[in-house]
Amino acid sequence: MNKKVRVRFAPSPTGGLHLGGVRTVLFNYLFAKQQGGDFIVRIEDTDQTRFVEGAEAYIFNTLKWCGLHPDESPLHGGPFAPYRQSERKAAYRQYAEQLVNDGYAYYAFDTPEELEQMRINHKTAENPSPQYNHLLRAHMRNSLTLSNEEVKDLLAAGTPYVIRIKMPLDETVSFTDMIRGEVVFHTNQVDDKVLLKADGMPTYHLAVVVDDYTMQISHAFRGEEWLPSAPVHILLWKYLGWEKDMPLWAHLPLILKPDGNGKLSKRDGDRLGFPVFAMDWTDPKTGEKTIGFKERGFLPQAFINLLALLGWNDGTDNEIFTLEELVNKFSMDRVHKGGAKFDFEKAKWYNHEWIKRLSAKDLSSYVLPVLAEQNIVVNDEALLLRVIDLVKERCTLLPDFAQQAGFFFKEPVHFDTASLQPKWDEKKNLFFVELAMALELSKSWNAADLETTFKELAAVHQLKPGELMLPFRIMLVGGKFGPGVFDIADIIGRDATVARIKHVLSLL
RNA sequence: GGCCGGUUCGUCUAUCGGCUAGGACAGCCCCCUUUCACGGGGCAAAGACGGGUUCGAUUCCCGUACCGGCUACCA
């Protein structure tokens with residue numbers, strides 16, 4: 001029997017969503033949609049000390065921008081509500097206690113100070129991070145070392161305690177990862193993770209198992225950093241008696257720093273000058289703002305595309321995929337095992353490709369705001385589309401449209417006369433004076449005729465068109481950029497063309 | 001330190017035992033273009049190391065090295 005595919009993305013609302021997070025969402029989404037399954041978003045907010053205002057809303061805004069719509073979530077509702085772990089708090093304790101009763105877990109009364117002391121006492125060169133494990137638990141204050149009476153008294157007195165899993169001795173825990181195959185752990189090496197915290201909240205370890213079970217999750221995909229705690233989760237599935245319902249696991253490779261090594265972090269983006277978060281994120285406490293891919297000028301299509309290809313490919317040379325194509329072609333067994341260093345240059349290339357591919361019409365809603373930044377209001381849509389088609393191949397990021405398209409709608413504020421000055425002379429000046437006159441009188445107005453007029457006049461003045469084109473360009477657009485000059489003149493029209501020539505002439 | 005994972009051009013990657021090791025980004029050169037792009041062509045660039053298994057290993061196995069992750073009452 002095949003149970004329905006149900007996957008979940010389970011972020012904790014502690015800040016902006018970064019590349020790796022979005023990719024995890026994406027792989028979940030692609031898998032779910034391909035299998036005709038459900039994509040669930042569950043908020044893992046069991047650590048109340050790390051709660052960050054606005055982070056949850058940010059996550060949903062990001063998903064919306066990416067076009068990855070959840071089937072169930074705290075925002076969208078669903079049959080397994082609530083989807084916030086903080087709102088499911090009451091459910092976890094009974095399972096933790098059931099585990100204690102069944103001998104799979106125990107109460108631990110050690111205070112944070114005692115734990116710290118233990119770590120200091122047992123820390124050696126060979127063992128820099130002592131764990132609360134099968135050896136050390138014998139020396140700590142817990143229901144394994146204390147008598148039943150003592151435990152009862154402590155509990156009755158309201159002494160703070162946590163519930164820890166009791167890792168079995170000399171056992172082997174293994175599972176088959178969809179990406180990595182068989183992974184084996186030895187229980188002696190795993191510590192007694194806290195399941196239920198002193199504040200009554202579950203830790204991730206308990207919550208993820210309980211919720212994945214209750215929400216009937218069929219496949220659980222998460223970052224590779226979770227691999228070491230997998231044995232705890234596997235054992236919990238077993239101890240809770242749910243083994244046959246355990247989801248299939250896949251641990252996704254990490255996204256690494258472009259230089260050096262290590263996991264990509266927000267800091268790396270700041271340091272190297274590229275976004276790491278999907279969208280702008282402002283920390284409500286510090287007011288610190290971190291730029292996102294969206295605001296940096298990426299198209300969601302490109303963002304999704306580049307993320308998908310970071311660790312996955314379809315086996316062909318194709319690198320450009322729509323979301324729909326990804327849904328069709330994605331497969332977990334083609335996901336890489338190794339981590340990938342993030343390359344911002346390649347990321348930009350994806351965006352450039354998507355700008356070139358999208359129609360002017362599709363691009364216009366992204367270009368309009370860029371132009372509005374420069375106080376340009378476009379009310380001629382046909383003109384806008386024509387301009388976009390003319391310049392889009394020159395735009396890598398959306399803000400590039402400001403320079404490439406702005407001068408079609410507004411006279412440049414700055415003219416690069418410095419590039420003209422050195423080679424400027426009276427002959428050229430005269431040419432442009434006459435060009436302005438000729439253009440004012442010309443009967444037709446199109447790129448081809450403009451070019452003819454221009455070249456004929458150059459011949460009359462015994463000047464090479466080549467040395468006049470750049471000046472002309474600078475007069476029309478302000479600098480050494482933009483599409484063909486005659487196309488520009490054609491579009492901006494007679495009045496603007498003549499006015500800009502005269503204006504720059506007056507500057508020289 | 002221990003445990004787990006990983007290792008093909010600078011980077012992302014193809015290869016499911018036959019390879020003259022392919023593609024893409026970045027780099028360099030040429031053509032197109034009297035801006036910049038786009039487009040076209042080309043150059044340079046890789047299997048961490050050592051053992052096996054095999055007619056044959058980048059591909060399978062083992063070891064070593066290196067890189068990464070984890071090692072919290074954080075996720």
Side-chain angles (χ1 to χ4, degrees), chain A residues 10-14 44-47 49-50 108 110-112 115-116 119 123-133 160-164 177 179-180 183-186 188-191 193-205 207-208 222-231 251 253-254 256 258-263 306 309-320 333 336-350 352 356 391-396 400 403-404 416 419 464-470 472-474 477 479-485:
Chain A
S12 94
T14 53
E44 310 235 327
D45 55 350
T46 53
D47 186 353
T49 64
R50 293 214 308 164
D110 319 279
T111 64
L115 287 174
E116 196 187 339
R119 293 201 172 92
K123 186 171 173 172
T124 59
E126 296 77 45
N127 184 12
S129 13
Q131 297 191 309
Y132 202 117
N133 59 15
Y161 66 90
V162 301
I163 292 180
R164 286 179 183 271
D177 187 283
I179 297 172
R180 289 150 213 285
V183 184
V184 186
F185 298 87
H186 301 283
N188 292 8
Q189 308 291 345
V190 185
D191 61 335
K193 290 267 182 261
V194 170
L195 265 20
L196 195 76
K197 302 188 262 191
D199 65 1
M201 275 288 199
T203 58
Y204 171 82
H205 307 296
V208 75
R222 70 225 304 197
E224 191 188 334
E225 69 269 30
W226 289 108
L227 208 39
S229 54
H251 291 86
L254 266 16
L256 278 10
D259 61 341
N261 299 301
K263 251 202 302 196
L306 74 91
L309 273 281
L310 214 49
W312 173 87
N313 70 82
D314 74 341
T316 72
D317 286 341
N318 191 194
E319 298 188 85
I320 304 297
D333 47 65
H336 252 251
K337 295 181 175 77
K341 289 183 185 170
F342 179 66
D343 181 0
F344 190 54
E345 291 306 316
K346 185 80 184 226
K348 285 194 291 192
W349 174 80
Y350 277 106
H352 192 20
K356 283 188 291 180
V391 308
K392 66 179 187 182
E393 66 195 24
R394 274 159 249 260
C395 299
T396 300
D400 294 342
Q403 186 190 59
Q404 295 294 336
D416 182 14
S419 295
K464 275 180 270 180
E467 42 186 342
L468 298 167
M469 302 268 275
L470 186 63
F472 191 30
R473 166 177 300 284
I474 291 179
V477 316
K480 301 177 195 172
F481 52 82
V485 254

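Given the structure is predicted, the values throughout are model-derived calculations rather than measurements.
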G-U wobble or Watson-Crick pairing nucleotide for [N] (cut-off 3.5 Å, both distances):
N	answer
G27(B)	C43(B)
C66(B)	G6(B)
A21(B)	none
U33(B)	none
U54(B)	none
C16(B)	none

If the [atom1] atom of [N] is compared with that of [M], how far apart are they to the nearest Å?
N	M	atom1	answer
A21(B)	A57(B)	P	15 Å
C16(B)	U59(B)	P	13 Å
U58(B)	C49(B)	C1'	14 Å
A24(B)	A44(B)	P	15 Å
C9(B)	A26(B)	C1'	12 Å
C4(B)	G23(B)	P	39 Å
G5(B)	G42(B)	C1'	41 Å
C74(B)	C12(B)	P	34 Å

At under 4.0 Å between heavy atoms, what does [X] touch on the DNA or RNA strands: base, sugar-phosphate, or nothing?
X	value
V208(A)	nothing
V183(A)	sugar-phosphate
F185(A)	sugar-phosphate
H336(A)	sugar-phosphate

Would you kindly give the [atom1]-to-[atom2] distance between [X] and [N], to the nearest whole Å?
X	N	atom1	atom2	result
K341(A)	U13(B)	NZ	P	11 Å
N318(A)	U13(B)	CG	P	16 Å
K348(A)	U11(B)	NZ	C1'	14 Å
Q189(A)	G1(B)	CD	C1'	12 Å

Evaluate whether atom CD of E116(A) has more than 12 neighbouring non-hydrogen atoms of other residues, nucleotides or ligands under 6.0 angstrom away.
no
Heavy-atom protein contacts under 4.0 Å, nucleotides 68-75 of chain B, coded B base, S sugar-phosphate only, - none:
SBSBSBBB
Per-nucleotide protein contact along nucleotides 26-41 of chain B, 5' to 3', at a 4.0 Å heavy-atom cut-off (B base, S sugar-phosphate only, - neither), is --------BBBBSS--
When you measure from the centre of the six-membered ring of Y132(A), is the NZ or CZ of R164(A) under 6.0 Å away and within 45° of the axis?
yes
salt_bridge(D191(A), K193(A)) N-O dist < 4.0 Å:
yes
Who pairs with R50(A) by salt bridge (charged side-chain N to carboxylate O under 4.0 Å, His left out), at least two apart in sequence or on another chain?
D47(A)
Tell me every residue that passes salt bridge (charged side-chain N to carboxylate O under 4.0 Å, His left out) with R180(A), counting only those two or more places apart in sequence or in another chain.
E224(A)
For Y204(A), enumerate each residue passing the ring pair (Phe, Tyr, Trp, His ring centres under 6.0 Å) test, keeping only those at least two apart in sequence or located in another chain.
W226(A), H233(A)
Stepwise side-chain contact (heavy atoms from CB on, under 4.5 Å) check, Y350(A) with I320(A):
CA-CA 8 Å; Y350(A) 277 106; I320(A) 304 297; 4.0 Å; yes
Considering all heavy atoms, the nearest Q404(A)-R394(A) contact
OE1-CD, 3.4 Å
Nearest atoms (heavy-atom pairs only) where Q131(A) meets Q189(A)
OE1-O, 3.5 Å
Taken in chain and number order and not counting sequence neighbours, the residues that satisfy side-chain hydrogen bond (donor to acceptor under 3.5 Å, both in side chains) with D416(A) are S419(A)
Can you find a side chain N or O atom of N313(A) that sits less than 4.0 Å from OP1 or OP2 on A14(B)?
yes
Taking atom types as modelled and ignoring hydrogens, do the side chains of T316(A) and D314(A) form a donor-acceptor contact shorter than 3.5 angstrom?
yes
